[in-house]
Each structure stands twice: as structure tokens, then as C-alpha cells.
Amino acid sequence: QVQLVESGGGLVQAGGSLRLSCAASGRTFSSRAMGWFRQAPGKERDFVAAITWSGGSTSYADSVKGRFTISRDNAKNTVYLQMNSLKPEDTAVYYCATGYLATTRSADYAYWGQGTQVTVSS
């Protein structure tokens, strides 16, 4: 069993930055891929970024490429999402998730956090 707790969300102006954190419990964190997804009101949950267990490979949605950076610290059982140059369309609840493969599909992630709200004002 893995438990995930996100933090770092909030209200920021367009062009600003936020860093989300996701703390994981469980000894298997370092062997699992991690992903970030987001869901805006009335929309489906979308892939944002993913990172392999080693941190050696990352992937991003086209909409955030060049602005967001996913990273992890296995010693701290934590994954991060650094978000720069934020836009109003980035407003959503952000979820971290863990699975065996760093894919873009939410179905491949078995465990999810409760989400953290990110609101970007124009």
C-alpha cells in the first residue's frame, strides 16, 4: 500500500511560479514511477508529467513542456513539480500518482493523492 500527500498548491498570478510536492509513504517508492495529472472543472483528468523510478527519464504534456519540471528525491520519498510561467489555463486540481511504468495513461497508476488546487489569475 502506498499513500500520497500533495502540497504546495495555491493562488498565483499569471507568469508566476509554484512548486508542488508529493510525499509518499511505503518502502517501494524508489522503485515506482511517479506522475502528475490535473483536472479542471468540467473536464477530464489530464496527464501533466511523469518520471521513472530512477529519475533518469521524464515526459511532459505538450501544454506544459518547457514550463514545468518534474523531479524526485528518493531519499525523501518525494516527487516535485516545478511550475513556471503559469497561465490561467493551468488552473486545476493537481494529483500525483504512482505506478510501475511512467506512462501518460491514468489507468496505469494504481495509487493517487487527494489533490491540491492550483489557481492562476489573469
Side-chain angles (χ1 to χ4, degrees):
Q1 190 78 7
V2 177
Q3 291 186 325
L4 305 173
V5 179
E6 302 97 335
S7 61
L11 174 64
V12 64
Q13 288 189 331
S17 298
L18 283 175
R19 188 176 82 155
L20 305 183
S21 299
C22 174
S25 65
R27 293 176 291 176
T28 61
F29 174 80
S30 61
S31 64
R32 303 178 71 94
M34 299 295 297
W36 286 96
F37 290 77
R38 66 187 182 185
Q39 188 168 21
K43 296 188 177 181
E44 294 184 349
R45 189 171 297 187
D46 291 330
F47 169 75
V48 175
I51 188 167
T52 55
W53 67 271
S54 66
S57 180
T58 58
S59 59
Y60 298 91
D62 288 343
S63 59
V64 307
K65 204 170 292 183
R67 301 187 297 122
F68 290 11
T69 302
I70 188 172
S71 62
R72 67 189 296 162
D73 184 339
N74 286 344
K76 296 182 178 180
N77 278 11
T78 301
V79 64
Y80 305 97
L81 185 68
Q82 178 66 44
M83 306 185 295
N84 299 328
S85 301
L86 283 161
K87 304 174 181 179
E89 51 263 44
D90 294 319
T91 295
V93 176
Y94 283 70
Y95 299 89
C96 69
T98 184
Y100 289 110
L101 298 175
T103 76
T104 64
R105 302 192 317 154
S106 59
D108 290 331
Y109 294 83
Y111 298 99
W112 293 78
Q114 83 289 349
T116 186
Q117 176 70 46
V118 171
T119 303
V120 184
S121 63
S122 57

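Worth knowing before you read on, the calculation uses all heavy atoms, side chains too, and leaves out hydrogens, waters and symmetry mates.
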Side chain to side chain, T104 and Y60, heavy atoms closer than 4.5 Å
no
Should L101 and Y109 be marked as a side chain to side chain contact (heavy atoms under 4.5 Å, CB included) after you check the CA-CA gap, both sets of side-chain angles, and the distance that decides it?
CA-CA 8 Å; L101 298 175; Y109 294 83; over 6 Å; no
Looking at L11, is its backbone amide N or carbonyl O close enough to the side chain of T119 to form a donor-acceptor pair, meaning the two atoms are under 3.5 Å apart?
no
Keeping the roles fixed (side chain from E6, backbone from Q114), state whether a donor-acceptor pair exists under 3.5 Å.
yes
Is L4 reachable from Y80 through a run of hydrophobic residues whose side-chain heavy atoms are each under 4.5 Å from the next?
no
I'd like to check the ring pair (Phe, Tyr, Trp, His ring centres under 6.0 Å) partners of F47; sequence neighbours left out, ordered by chain and number.
F37
Can you find a heavy atom in the side chain of T98 that is under 4.5 Å from one in the side chain of W112?
no
Main-chain N/O of S85 paired to R67 side chain as donor or acceptor, under 3.5 Å
yes
Check the side chains of S17 and N84 for a donor-acceptor pair under 3.5 angstrom, ignoring hydrogens and angles.
yes
Where R32 and A110 come nearest, the two heavy atoms and their spacing:
NH2-CB, 4.3 Å
Is it true that W36 and M34 fall in one hydrophobic cluster, defined by side-chain heavy atoms closer than 4.5 Å?
yes
Do you reckon I51 sits in the same ILVMFWY cluster as V2, going by side-chain contacts under 4.5 Å, direct or chained?
yes
Start with the C-alpha distance between V48 and L81, add both sets of side-chain angles, then the distance that settles side chain to side chain contact (heavy atoms under 4.5 Å, CB included), and finish with yes or no.
CA-CA 9 Å; V48 175; L81 185 68; 4.1 Å; yes
Mind checking whether V118 and M83 have side chains closer than 4.5 Å, heavy atoms only?
yes
Measure the spacing between NZ of K87 and OG of S122 and express it to the nearest 0.5 Å.
14.0 Å
Decide side chain to side chain contact (heavy atoms under 4.5 Å, CB included) for Y100 and D108; before the verdict, give the C-alpha distance in whole Å, the side-chain angles of both, and the deciding distance to 0.1 Å.
CA-CA 8 Å; Y100 289 110; D108 290 331; over 6 Å; no
Going by side-chain contact (heavy atoms from CB on, under 4.5 Å), name the residues that satisfy it together with A92, two or more places apart in sequence or in a different chain.
R38, A40, Y94
Among residues at least two apart in sequence or on other chains, which ones pass side-chain hydrogen bond (donor to acceptor under 3.5 Å, both in side chains) with E89?
none
Step-by-step side chain to side chain contact (heavy atoms under 4.5 Å, CB included) determination, Q82 to I70
CA-CA 6 Å; Q82 178 66 44; I70 188 172; over 6 Å; no
Residues in side-chain hydrogen bond (donor to acceptor under 3.5 Å, both in side chains) contact with S71, at least two apart in sequence or another chain:
none
So does Q3 have more than 12 non-hydrogen atoms from other groups sitting under 6.0 Å from CD?
no
Show me the pairs that pass disulfide bond (SG atoms under 2.5 Å apart) and involve residues 78-122, at least two apart or across chains.
C22-C96
Do L18 and Y95 land in one hydrophobic cluster if side-chain heavy atoms of ILVMFWY residues count as linked below 4.5 Å?
no
Look up atom CG in D46 and atom OG in S63, then write down how far apart they are to the nearest 0.5 Å.
7.5 Å
Residue list, side-chain hydrogen bond (donor to acceptor under 3.5 Å, both in side chains) with K43, at least two apart or on another chain:
none
State yes or no: do V12 and V64 share one hydrophobic cluster built from I, L, V, M, F, W and Y residues joined by side-chain heavy-atom distances below 4.5 Å, directly or via other members?
yes
